[in-house]
Engineer: 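Below is a structure I'd like to ask you about.
These values consider heavy atoms only, across backbone and side chains, with no hydrogens, waters or symmetry-generated copies. Please read all numbers here as calculations on a predicted model, not as lab measurements.
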Amino acid sequence: MTQPINHIVIVGGGTAGWLTAATLAKQLKVTSNTNKKVTLVESPNIPILGVGEGTWPNLRATLKKIGVAEADFMRECDATFKQGALFVNWNVPKNGQTHRYYHPLNTVNHSSYDFSLAPYWLMNRTSQRYDYAVASQSHVCDANRGPKEMTTPEYMAVQEYSYHLNAGKFAAFLTKHCVEKLGVNHVLANVLEVELDAQEYIVKLHTDSDTAPTIDGDLFVDCSGSNPILIEKTYRIPWHDISDVIFNDTAIAIQVPYKSENVTIPSHTIMTAQDAGWIWDIALTNRRGVGHVFSSKYTTIESAEQTLRRLFR
């Protein structure tokens with residue numbers, strides 16, 4: 001007989017954990033359904049990584065679904081609009097000129113009113129660059145304009161968009177929203193032991209918390225990051241190595257303050273190719289989040305850091 005799932009336990013916080021908690025709590029209507037419960041357990045000792053500050057447009061639908069006001073989110077998470085990515089020097093520059101290419105978030109059909117211009121560009125591809133010929137968003141980014149007007153309702157768009165955000169503040173924002181408005185039970189604790197039943201299903205967590213030393217559940221979700229407590233440590237499921245096709249395996253990130261208060265904030269991510277990887281540049285309201293992702297087979301952390309600091313000093 002199938003047992004009902006009344007209590008869902010999420011291991012790990014951060015963006016992944018709290019978005020999972022928010023989605024489930026909203027879907028299950030935890031605040032009004034006393035039979036359903038969502039608990040999130042996160043360690044008070046593990047900080048949030050400073051990467052993942054660029055998002056995809058479906059985050060807008062998620063935030064709207066879980067009841068977040070867009071203005072509150074943008075204000076409290078230092079968020080800015082993201083309309084796509086500008087790839088710099090991913091082709092070999094000719095005659096010393098910088099090579100640039102936009103990947104706009106608008107689809108070709110959306111930006112040309114359900115009529116694709118791509119086949120016509122293929123007929124005469126030398127006349128204008130693809131990203132400028134078939135989509136208006138590249139021109140909007142060049143003009144340092146946003147994807148919507150002041151009167152455009154929240155989460156609606158004139159041009160498709162997502163966000164750049166402060167990952168640490170976003171996790172804190174979601175924590176408050178989940179606990180205060182969605183009824184998620186928040187436990188700050190380290191998981192010491194995972195208890196399994198005879199069929200090797202997880203039934204209980206043992207923690208170092210005095211107030212919640214054991215946590216029973218019907219369904220357990222692992223959002224514990226690069227050292228997964230349930231997937232890897234409990235079930236011994238190893239990482240699947242894809243280094244044969246994905247060469248970049250290391251990243252370093254820093255936060256760079258603006259040189260003045262009146263700086264122009266790009267509404268796109270800037271991705272600049274390097275010898276052994278690339279550098280991302282994400283503009284928030286009060287700083288830039290930059291980093292170097294690279295292959296440790298072809299360069300060192302020290303060399304990658306020197307490249308990053310040289311560009312943003």
Side-chain angles (χ1 to χ4, degrees), residues 4-44 46-82 153-157 160-191 202 205 207 209 211-212 215-226 228-231 282 284 289:
I5 297 176
N6 293 321
H7 186 194
I8 300 175
V9 180
I10 300 163
V11 180
T15 302
W18 284 110
L19 280 175
T20 301
T23 302
L24 290 170
K26 188 70 174 182
Q27 185 72 27
L28 297 174
K29 301 178 181 177
V30 169
T31 54
S32 60
N33 190 341
T34 56
N35 293 326
K36 304 296 182 181
K37 184 178 179 181
V38 175
T39 296
L40 186 142
V41 186
E42 67 174 334
S43 171
I46 300 176
I48 295 173
L49 296 176
V51 297
E53 297 192 324
T55 65
W56 201 244
N58 55 11
L59 180 61
R60 284 164 43 212
T62 300
L63 293 176
K64 183 178 180 180
K65 180 179 180 179
I66 64 175
V68 168
E70 187 176 38
D72 292 342
F73 153 70
M74 296 196 71
R75 181 178 60 254
E76 295 190 31
C77 299
D78 303 333
T80 56
F81 293 123
K82 174 184 175 181
E154 66 174 13
Y155 298 121
M156 299 297 290
E160 186 68 284
Y161 71 92
S162 59
Y163 312 100
H164 295 137
L165 53 83
N166 183 313
K169 288 188 176 182
F170 186 42
F173 175 81
L174 288 173
T175 302
K176 181 179 179 180
H177 181 76
C178 285
V179 173
E180 295 183 359
K181 297 184 179 181
L182 299 180
V184 175
N185 180 37
H186 184 202
V187 178
L188 281 171
N190 293 295
V191 176
I202 300 173
L205 303 179
T207 78
S209 170
T211 57
I215 301 173
D216 301 314
D218 305 308
L219 175 66
F220 293 80
V221 182
D222 196 342
C223 294
S224 53
S226 59
I229 295 171
L230 306 184
I231 295 174
I282 289 175
L284 304 182

Engineer: So, Asn190 side chain and Ser43 main chain: donor-acceptor pair closer than 3.5 Å or not?
Structural biologist: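 Flag not set: sc Asn190 to bb Ser43 has no pair under 3.5 Å.
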
Engineer: Check for a donor-acceptor pair, side chain of Ser209 on one end and backbone N or O of Ala189 on the other, with a separation under 3.5 Å.
Structural biologist: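 Looks like no, no N/O pair under 3.5 Å.
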
Engineer: Once rounded to the nearest 0.5 Å, what's the spacing between atom CG of Leu165 and atom CZ of Phe173?
Structural biologist: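 Here the interatomic distance stands at 11.0 Å.
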
Engineer: With sequence neighbours excluded, what pairs up with Leu188 under the side chain to side chain contact (heavy atoms under 4.5 Å, CB included) test?
Structural biologist: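 Per chain and number, Leu188 pairs via side chain to side chain contact (heavy atoms under 4.5 Å, CB included) with Glu42, Pro44, His186.
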
Engineer: So, Lys36 side chain and Ile5 main chain: donor-acceptor pair closer than 3.5 Å or not?
Structural biologist: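 Looks like yes, one N/O pair under 3.5 Å.
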
Engineer: If you round to the nearest 0.5 Å, how far is OG1 of Thr39 from CG of Asn185?
Structural biologist: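 Atom-to-atom, Asn185:CG and Thr39:OG1 are 4.0 Å apart.
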
Engineer: Which distance, rounded to the nearest 0.5 Å, do you find between the CG of Leu40 and the CD1 of Ile8?
Structural biologist: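 Spacing of CG (Leu40) from CD1 (Ile8) equals 12.0 Å.
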
Engineer: Between side-chain atoms of residues 9-29 and protein atoms elsewhere (two or more places apart, or another chain), which donor-acceptor pairs fall under 3.5 Å?
Structural biologist:
| unit_1 | atom_1 | unit_2 | atom_2 | d |
| --- | --- | --- | --- | --- |
| Trp18 | NE1 | Thr175 | OG1 | 3.1 |
| Thr20 | OG1 | Ala16 | O | 2.7 |
| Thr23 | OG1 | Leu19 | O | 2.8 |

Engineer: Donor-acceptor check, side chain of Asp78 to backbone of Asn166, threshold 3.5 angstrom: yes or no?
Structural biologist: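 It does not hold such a pair.
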
Engineer: Find the distance between CG (Asp216) and NE2 (His7) and round it off to the nearest 0.5 Å.
Structural biologist: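 Here the rounded value is 8.5 Å.
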
Engineer: Using residues 60-71 as the side-chain source, report each donor-acceptor pair under 3.5 Å to any protein atom, sequence neighbours left out, with the distance given to one decimal.
Structural biologist:
| unit_1 | atom_1 | unit_2 | atom_2 | d |
| --- | --- | --- | --- | --- |
| Arg60 | NE | Tyr155 | O | 3.4 |
| Arg60 | NH1 | Glu160 | OE1 | 2.3 |
| Arg60 | NH1 | Tyr161 | O | 2.9 |
| Arg60 | NH2 | Tyr155 | O | 2.8 |
| Thr62 | OG1 | Asn58 | O | 3.2 |
| Glu70 | OE1 | Lys148 | NZ | 3.1 |
| Glu70 | OE1 | Tyr155 | N | 2.8 |
| Glu70 | OE2 | Tyr161 | OH | 2.7 |
| Glu70 | OE2 | Tyr163 | OH | 2.6 |

Engineer: Would you say that Phe170 contacts Glu53 through its side chain, given a criterion of any heavy-atom pair below 4.5 Å between the two side chains?
Structural biologist: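 The answer is no, as the side chains (C-beta and beyond) never meet within the 4.5 Å cut-off.
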
Engineer: Answer yes or no: is there a donor N or O on one side and an acceptor on the other, between the side chain of Ser162 and the main chain of Thr55, under 3.5 Å?
Structural biologist: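 Pair found, side chain donor or acceptor close to backbone of Thr55.
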
